[in-house]
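First up is the structure itself, then whatever we jot down about it.
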Amino acid sequence: MDDILAAASLPPVSSLYRRTILPTSPDPISAIYNTEPITMDDVIIIGGSFAGLAAALQLGRARRKVTVLDTGLPRNRFAGRSHGMLGHDHKPPLDILAEARLQLARYPAIRLVNARADSVSGAIDDFSVLTGDGESLKARRLILSYGIVDQMPDVPGFAEGWGTSIIPCPYCDGFEVADQHWGLIWSGPQSMNQVRLFHDWTDSLTVFTDGHDIPPDIRADLERRNTPVVDGRITEIARHGDHNATLKLDSGPDVAVDILFAHPRNKPSASLHEILGLATVATPLGIVLKVDERRETSLPGIYAAGDLTNPTLPSVTTASWQGAMAGIFAQQSMLV
């Protein structure tokens, strides 16, 4: 999950040279200056979390020249553990990313650069990317993997509990809280799919309407599933320990749950797709980039992967395989 909205504050670098992250730094703040003049890359990857680094790995192994731009703010940085990724289950996501960067250091064609991309222009075989430091980079292909940002509702305690007592994904965290009392904040008709899904983990689920109008037929279905519905607006969420949360309502008593699931609206973490005029797809929670079966966007030569393209259940595993495919298809598109 990649977020390129804010770059670290670093010393100015001449526009003639590229700044490269020290591979031994898990948090890419320290940098060294590489005196190699900038030339045309094969691929520039914008966003260096799981999708972006997976794409870089495939391209680096194909000996393609790659630059990865990232600012070190992945979407799942609020989570203490990452689950469901084979070989890395239950590890902190930032530790997995740090290990991935160290592994990429063995590929001389890959450069990891701590900078945001401010603008993109050009066309296939001749793209230009201007970084927040004023550097101008060029490449034959682009991969967009800058992810999305969750738009927290204006409810005291929601943002503070996000990623711990308030979570979005049962595949990511459901096993650890199975058979406990779950709560779900209703966000629209798609929430009924969550109700059906959650019963694989728990038989104790409470739905909070938070002002949404749930039709009578759906209420009847929830009653049939022994799922109580609590009406009223949520005015505050108090966190207790790692998971437990108490919801305060504008009508009725407080309700405590062992874990609370919510699906706030989100948006891409940067506007580069708007600059490029790329096609998007509307989902109940926001827009994602439209890609074809080869991960290519509506503009030839630009590929995308990760949460930026995933309208369903995002995960580290999904982002990684999509990134790998984007890297492979970008490489294959340059074959002669």
Side-chain angles (χ1 to χ4, degrees), residues 75 78-79 148-240 242-268 280-288 307 310-315 318:
R75 184 188 182 196
F78 304 104
I148 59 177
V149 290
D150 297 293
Q151 299 176 283
M152 303 299 170
D154 188 20
V155 174
F158 191 102
E160 293 79 2
W162 185 243
T164 52
S165 57
I166 308 172
I167 57 178
C169 174
Y171 293 102
C172 301
D173 298 286
F175 182 86
E176 283 67 31
V177 290
D179 296 323
Q180 298 183 34
H181 183 193
W182 291 17
L184 171 65
I185 300 178
W186 196 266
S187 58
Q190 70 277 0
S191 293
M192 193 62 208
N193 294 329
Q194 300 295 317
V195 171
R196 290 194 289 265
L197 183 66
F198 289 176
H199 280 294
D200 267 5
W201 284 271
T202 185
D203 291 324
S204 180
L205 173 65
T206 298
V207 166
F208 297 88
T209 65
D210 195 28
H212 286 88
D213 183 22
I214 300 180
D217 60 327
I218 295 181
R219 283 181 178 264
D221 193 354
L222 291 169
E223 183 177 0
R224 180 180 63 82
R225 297 172 185 273
N226 296 316
T227 302
V229 176
V230 177
D231 292 304
R233 288 278 186 181
I234 300 170
T235 60
E236 185 180 350
I237 300 174
R239 173 184 171 187
H240 307 286
D242 290 338
H243 296 301
N244 305 67
T246 298
L247 291 82
K248 299 181 181 298
L249 306 165
D250 62 0
S251 60
D254 299 349
V255 180
V257 295
D258 294 314
I259 192 70
L260 181 62
F261 283 79
H263 302 91
R265 289 189 63 81
N266 49 59
K267 63 180 182 179
T280 59
V281 177
T283 80
L285 299 180
I287 68 163
V288 293
D307 289 358
N310 186 9
T312 54
L313 288 172
S315 72
T318 300

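Because the structure is a prediction, the values reported are computed rather than measured.
- Judged purely by distance below 3.5 Å, without hydrogens or angles, the side chains of S187 and H212 never pair a donor atom with an acceptor atom.
- Note: F261 and F198 have tilted aromatic rings, judged against thresholds of 30 and 60 degrees for the angle between ring planes.
- Annotation for E223: atom CD does not count as buried by contact number, only 12 or fewer foreign heavy atoms lying within 6.0 Å.
- Looking at L184 and V195, their side chains come closer than 4.5 Å, going by heavy atoms from C-beta outward.
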Decide side-chain contact (heavy atoms from CB on, under 4.5 Å) for Y171 and T318; before the verdict, give the C-alpha distance in whole Å, the side-chain angles of both, and the deciding distance to 0.1 Å. CA-CA 12 Å; Y171 293 102; T318 300; over 6 Å; no
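- In plain terms, the two heavy atoms of D150 and P264 that are nearest each other are CB-CG, 4.3 Å.
- Checking side-chain atoms of Q194 against main-chain N and O of S191 turns up no donor-acceptor pair under 3.5 Å.
- Judged by distance alone, the side chain of T235 and the main-chain N or O of K248 form a donor-acceptor pair under 3.5 Å.
- A donor-acceptor distance shorter than 3.5 angstrom exists from the side chain of R265 to the backbone of P284, with no hydrogens or angles considered.
- Under a cut-off of 6.0 angstrom, the local environment of CG in N193 is crowded, with over 12 non-hydrogen atoms contributed by other residues, nucleotides or ligands.
- Summarising the geometry of E160 relative to R239, their closest heavy-atom pair is O-NH1, 3.7 Å, with the distance given to 0.1 Å.
- Judged by distance alone, the side chain of H181 and the main-chain N or O of V257 form no donor-acceptor pair under 3.5 Å.
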